[in-house]
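Have a look at the structure below before the remarks.
Just so you know, these numbers come straight off a predicted model, no measurement behind them. Below, chain A is the first sequence line, B the second, and so on; all start at residue 1.
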2 protein chains.
Amino acid sequence: MSDPIRRSTKQRAAIYDVVQQLPNFHSAQDIHAELTQRGSRVGLSTVYRALSAMANDGDVDTLLRDDGETLYRQCADSAHHHHLVCRQCGATIEVDGPTVEIWTQHIAAQHDFDDVSHTLEIFGRCPQCRAG
Amino acid sequence: MSDPIRRSTKQRAAIYDVVQQLPNFHSAQDIHAELTQRGSRVGLSTVYRALSAMANDGDVDTLLRDDGETLYRQCADSAHHHHLVCRQCGATIEVDGPTVEIWTQHIAAQHDFDDVSHTLEIFGRCPQCRAG
DNA sequence: AACGATATTGACAATCGTTTTCATTTAGGA
DNA sequence: TCCTAAATGAAAACGATTGTCAATATCGTT
C-alpha cells in the first residue's frame, strides 16, 4: 500500500501526451505506433509499463476487449464510471450509474460478500454508424 | 447465418460431461487437464474448438477474466444473467438484474444507440473466504 | 454393410498480446 | 558532482489461443 516512487522521464511524458490527445480507446501497441509515427523512439516494453502504471494510478481509463486485449484512454474524471461503446467505430461515451452501483452493493450484501467491485460495459451501434 | 452442421463425437461428449460436472468457472486448459486426468486423451485444440462452439450455441456460459483468459461453465438456464464471483475461491452465484437491464436500455436509448448488449460481473470475497 | 463426402481430430507450428530479463542509462536527492 | 535506485529498451520468454494439414470418424446414401 506504500506509494511507489515514480521518476518523471521523457518517455512517460510522451506516452501521456499521446494518450491525452487520442480520442477513444486504443491498445498499447496503437499508442506505441503513434509514438513512433511522431518520431518518439520509445520501447514497446516502456509503453506497456507506463500505461499499466498510469492505469494503476487512475490517470488513464482501461477497457478489456472481448478478445482480451487491453485498451487505454484518457480519463476525464477519475471517479468510478462505465462506458457506452460503439461496436463499429469505437466511439465512447462515459456513463454514470448510481442505480447500478447501489444494485451491485445490494446483491453483494445479500450474499454476504465484501470487498466488492464490478465491471460493466454497454456495447451498441451509434447513430452515425447506423446512418452510414 | 445457416446452422453449422455438427457431428457428435466421443471427444465432444467427454468435454461436455466434464463441463457439466465441474462447479464454477474453469479455463479451457483446466478442462483439458481434467480430461487427461480421467484418461480421456483429447487434444487441446479440440477442447478449445468444442468449448467455443458450445459457447456459441449457448450451451455453456463464458466469463472473461481480468487477464483476458476465457473461463467456461455449465449453463443453468440460457437466459441472460450476470455473476457474483468470489475473487479468492472462484465460487459463483448467478444473479439476475431487471433493474440493470432497464437501465442499460435507457442509457443506450438516451444516446440513440441500438443493437445494445452489455457485460456485467460483480467481484468480491465470499463469507467462507473471509472466515478462512 | 460398404461407400463416400466432409466434418472432426490432434500433434505441432504459428500468432499475438504481454511480461520478464538484464545490461545500460538516467533522474534526482545528498 | 556523486551515488543509488528507478527507468529504459532490445531481445527472449511466456501463455493463451488459433491455424495447418494429414489421418480419422461420422452419417446419410447406396
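Residues Gly43(A) and Ser52(B) both approach DNA chain D. Their nearest nucleotides, taken by heavy-atom distance, put Gly43(A) toward the 5′ side.
Tested against Leu51(A), the residues Val19(A), Asp59(A), Thr70(A) include a single side-chain contact (heavy atoms from CB on, under 4.5 Å) partner, Val19(A).
Using the six-membered ring where Trp is involved, Phe25(A) and His83(A) have ring planes that are perpendicular, over 60° apart on the 30 and 60° scheme.
Here Arg12(A) does not reach the OP1 or OP2 of dA27(C): none of its side-chain N or O atoms lies under 4.0 Å away. The side chain of Gln11(B) places no N or O atom within less than 4.0 Å of a non-bridging phosphate oxygen (OP1 or OP2) of dT8(C).
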Summary of protein contacts for nucleotides 19-30 of chain D, nucleotide by nucleotide, where a base hit scores B, a sugar-phosphate-only hit scores S (4.0 Å, heavy atoms): BB----BBS---
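Within residues 20-40 of chain A, no residue has any heavy atom under 4.0 Å from DNA chain D.
The distance between atom OH of Tyr72(B) and atom P of dA16(D), rounded to the nearest whole Å, is 13 Å. For the pair Leu51(A) CG and dG17(C) P, the computed distance is 15 Å after rounding to whole Å. Here the P atom of nucleotide dC12(C) and the CZ atom of Arg41(B) are 12 Å apart, to the nearest Å. Atoms CG (Leu44(B)) and P (dA13(C)) sit 15 Å apart, rounded to a whole Å. Nucleotide dA16(D) holds its P atom 11 Å from the CG atom of Leu71(B), rounded to whole Å. For the pair Glu69(A) CD and dT17(D) C1', the interatomic distance rounds to 14 Å; values are reported in whole Å. Note: OH (Tyr48(A)) to C1' (dT20(C)) measures 14 Å, nearest angstrom.
In this structure, the side chains of His81(A) and Asp61(A) come closer than 4.5 Å at one or more pairs of heavy atoms.
Side chain of Thr46(A) to backbone of Val42(A): no donor-acceptor contact under 3.5 angstrom is found.
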